[in-house]
Amino acid sequence: MGSIKTKELSKIGYTNDTARSLVINIISRHFKHHDKEAIIQLLTAIKAAPEMYRADEIVGKIADTFMDEPVECNFQSYDLLEKTGQLKVYGAKEIERSAKQQMELAMSLPVTVQGALMPDAHTGYGLPIGGVLATDNAVLPFAVGVDIGCRMALTIIDEGESFLKRFSHQTKVALKEYTHFGMEGGLEFSQEHEVLDSPVFQTTALLRKLQAKAARQLGSSGSGNHFVEFGIITLKEDNALQLPPKKYLALLSHSGSRGLGANIAQHYTGIAMDTCKLPRSAQQLAWLDLNSEAGQEYWMGMTLAGDYAKACHDRIHTNLLKALGLQSLAKVENHHNFAWEDTLADGRKVIIHRKGATPAHAGEMGIIPGSMCTAAYLVMGKGVDHALYSASHGAGRAMSRKRAKENMTVSGLKKMLANAGVTLIGGSVEENPLAYKDIEKVIGAQQELVDIQGRFMPAIVRMNKD
């Protein structure tokens, strides 16, 4: 889980032996239960802006090793703007101050055109989770996120509530046999999908190197808050799917692009930080010009990672439905860690980054999940331009994984699950429902952004056991 090799440290710029042994020591003591992707992201952030971490009692010593680094010369330096672009915040009362500050910093970039903060927002690396940023011909790897193409997929099934009562055992068995969670590995039987034959894999040395791993991990899910679950969705009258308004069995999944996206993110974040020099406080917001070779390569890699994330969900849904002999009536899916070319209300062409935000153009369908015990919402966008045609991507974390672990016992979680009538396979106290904001409040804060089409309640949830 939390172990990290010196080779991996060198890749992200930790070339000093003293710094590397310090990092390995601190990681093994304090971060052994964290995802490797999250650790690498944190270390990259410390290297980029060490003064932001010097006061931290755990990682402060790592930050100190970077305080007197020489600066390379093949880069361009930028100042931040004093007058910032237009920022709209939704559900501001529930958003922590540090997330708002991060968003305000992003608004002062010379490439920023407009921004929005969703009601599930919380502090992240670079852009806050729940941040939406429109830029002028530039892409920010840290405004897309490490798990490129992380997304939701919902299949509405031709069965009702009685299916889970009759076949709950078979459903649990299928979830154990046809899903795989965690940093490494994949399903035990080979998976096929046309994405693996994409010619984009042959365009760069990095993508060629990642193709075999992508094939191995196809149809699997990451750790943390990724899940695959069966539950019941209640569709409203006159819903956009044009299905009768009643209760249906449904399959809901949340995961991203596995090692493929994480490696692309890490590689191009490094290039962005080396070539786009910003004041220390904003270094994580380094961008790639889309006219540059690196910008074009990142865009191709990001698009491939998004297609691959979709392919993983396709395999998960196909495998489970086939195993249980179920038929799909409708499928809805959406990315929430990605960047798109789009046009603002005034006709201006921009790149819209959604880091933990759901696309919500007028008539566009999406899914906003809560937690393992609370509702997920099927929504249709209203296309609000101040929100950059976006909505929240979930309930959003109310406490860090560390705090969630300290504030919840295994027996406490079991009691919550029993009260909600939910069966959990795998999972951990770090993802307990109290670690998240109240999904009802988050949905209430964005009524002008989306129309609710249906409400899903989880029944059997499969997650990684951290």
Side-chain angles (χ1 to χ4, degrees), residues 1-4 8 31-42 44 124-125 129 141-142 144-153 175-176 178-188 191 193 195 210 212-229 251-267 269 301-302 304-317 319-320 333-338 355-356 367 369 371-372 376 393-394 396-397 400-401 404 424-431 435-436 461-466:
M1 280 299 295
S3 67
I4 193 158
E8 292 167 313
F31 294 88
K32 57 175 178 281
H33 298 301
H34 287 59
D35 292 348
K36 188 180 282 188
E37 288 159 37
I39 292 168
I40 282 172
Q41 203 174 6
L42 173 64
T44 307
Y125 299 109
I129 317 296
F142 257 159
V144 169
V146 169
D147 193 2
I148 298 172
C150 188
R151 65 193 270 118
M152 302 299 306
L175 279 168
K176 284 178 190 169
Y178 292 94
T179 64
H180 173 91
F181 285 81
M183 279 290 291
E184 285 303 324
L187 292 166
E188 286 175 14
Q191 299 293 294
H193 195 283
V195 76
L210 294 171
K213 186 175 192 174
R216 209 165 54 243
Q217 292 192 320
L218 184 64
S220 65
S221 309
S223 50
N225 62 359
H226 289 177
F227 61 77
V228 178
E229 59 194 25
L251 171 61
L252 183 62
S253 54
H254 172 221
S255 63
S257 52
R258 312 293 283 115
L260 175 66
N263 279 282
I264 293 166
Q266 190 187 320
H267 180 78
T269 295
M302 176 194 76
L304 178 64
D307 292 344
Y308 176 77
K310 181 188 185 314
C312 285
H313 284 268
D314 287 350
R315 293 309 311 159
I316 291 165
H317 286 240
N319 288 335
L320 283 167
E333 48 194 330
N334 65 266
H335 281 333
H336 50 222
N337 273 17
F338 210 66
K355 188 181 189 182
I367 304 130
S371 69
M372 58 176 75
H393 85 309
R397 289 196 82 92
S400 68
R401 290 194 161 89
L424 176 64
I425 304 163
S428 69
V429 290
E430 294 174 11
E431 294 301 321
Y436 288 86
V461 179
R462 171 87 164 100
M463 297 182 87
N464 185 46
K465 195 165 182 67
D466 288 314

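Quick caveat, the model's predicted, so the values are computed rather than measured.
- Of all heavy-atom pairs between L187 and G219, the closest is CD1-O, 3.6 Å.
- Side-chain contact between C150 and H226: present, with at least one pair of heavy atoms (C-beta onward) separated by less than 4.5 Å.
- By the 30° and 60° cut-offs, the orientation of the rings of H34 relative to F31 is perpendicular.
- Between atom CD1 of residue I4 and atom NZ of residue K36 there is a gap of 6.5 Å, rounded to the nearest 0.5 Å.
- In this structure, CD1 in I264 is found 6.0 Å from CG in L304, a value given to the nearest 0.5 Å.
- At least one donor-acceptor pair closer than 3.5 Å links the side chain of K355 to the backbone N or O of F142.
- Listed here is the closest heavy atom pair of A305 and I148: CB-CG2, 3.7 Å.
- Counting all heavy atoms, side chain and backbone alike, F227 lies closest to V461 at CB-CG1, 4.5 Å.
- The line from CD of Q217 to CG of L210 is 10.0 Å long, rounded to the nearest 0.5 Å.
- The backbone N or O of S257 sits less than 3.5 Å from a side-chain atom of D147, completing a donor-acceptor pair.
- In terms of the ring-ring contact (aromatic ring centres under 6.0 Å, His included) criterion, residue partners of Y178 (sequence neighbours excluded) are, by chain and number, F189.
- Closest approach of A153 and H313 over heavy atoms only: CB-ND1, 3.6 Å.
- Within the model, atoms CZ of R315 and OG of S253 stand 13.0 Å from one another, a figure rounded to the nearest 0.5 Å.
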Side chain to side chain contact (heavy atoms under 4.5 Å, CB included) between K465 and I425, intermediate numbers included: CA-CA 8 Å; K465 195 165 182 67; I425 304 163; over 6 Å; no
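- Put simply, the side chain of D35 does not reach to within 4.5 Å of the side chain of I39, judged on heavy atoms.
- Here OG of S428 is found 10.0 Å from CG of N225. Values are rounded to the nearest 0.5 Å.
- Taking each heavy atom of Y436 and S371 in turn, the nearest pair found is CD1-CB, 4.2 Å.
- Using a 4.0 Å cut-off between charged side-chain N and carboxylate O, E431 and R397 make a salt bridge.
- The side chain to side chain donor-acceptor pair (under 3.5 Å) test applied to N334 returns no partner, not counting sequence neighbours.
- Residues H317 and V228 fail the side-chain proximity criterion, which asks for heavy atoms closer than 4.5 Å.
- In terms of the salt bridge (Lys or Arg N to Asp or Glu O under 4.0 Å) criterion, residue partners of K213 (sequence neighbours excluded) are, by chain and number, E184.
- Of all heavy-atom pairs spanning P369 and A376, the tightest one is CA-CB, 3.6 Å.
- Residues passing the side chain to side chain donor-acceptor pair (under 3.5 Å) test with E333 are R151, K310, sequence neighbours excluded.
- Judged as a side chain to side chain donor-acceptor pair (under 3.5 Å), and not counting sequence neighbours, the contacts of H193 are D314.
- Residues passing the side chain to side chain donor-acceptor pair (under 3.5 Å) test with R462, sequence neighbours excluded: T179.
- Between the side chains of S221 and H180, no donor-acceptor pair is found at a separation under 3.5 Å.
- Taking the side chain as every heavy atom from C-beta outward, M302 and V144 approach each other to under 4.5 Å.
- When only modelled atom types and interatomic distance are considered, Q191 and N319 share a side-chain donor-acceptor pair under 3.5 Å.
- Looking only at side-chain heavy atoms (C-beta outward), Y308 and L218 come within less than 4.5 Å of each other.
- The OH atom of Y125 sits 11.5 Å away from the CD1 atom of I40 when rounded to the nearest 0.5 Å.
- Residues H254 and H336 place their aromatic rings such that the two centres sit under 6.0 Å apart.
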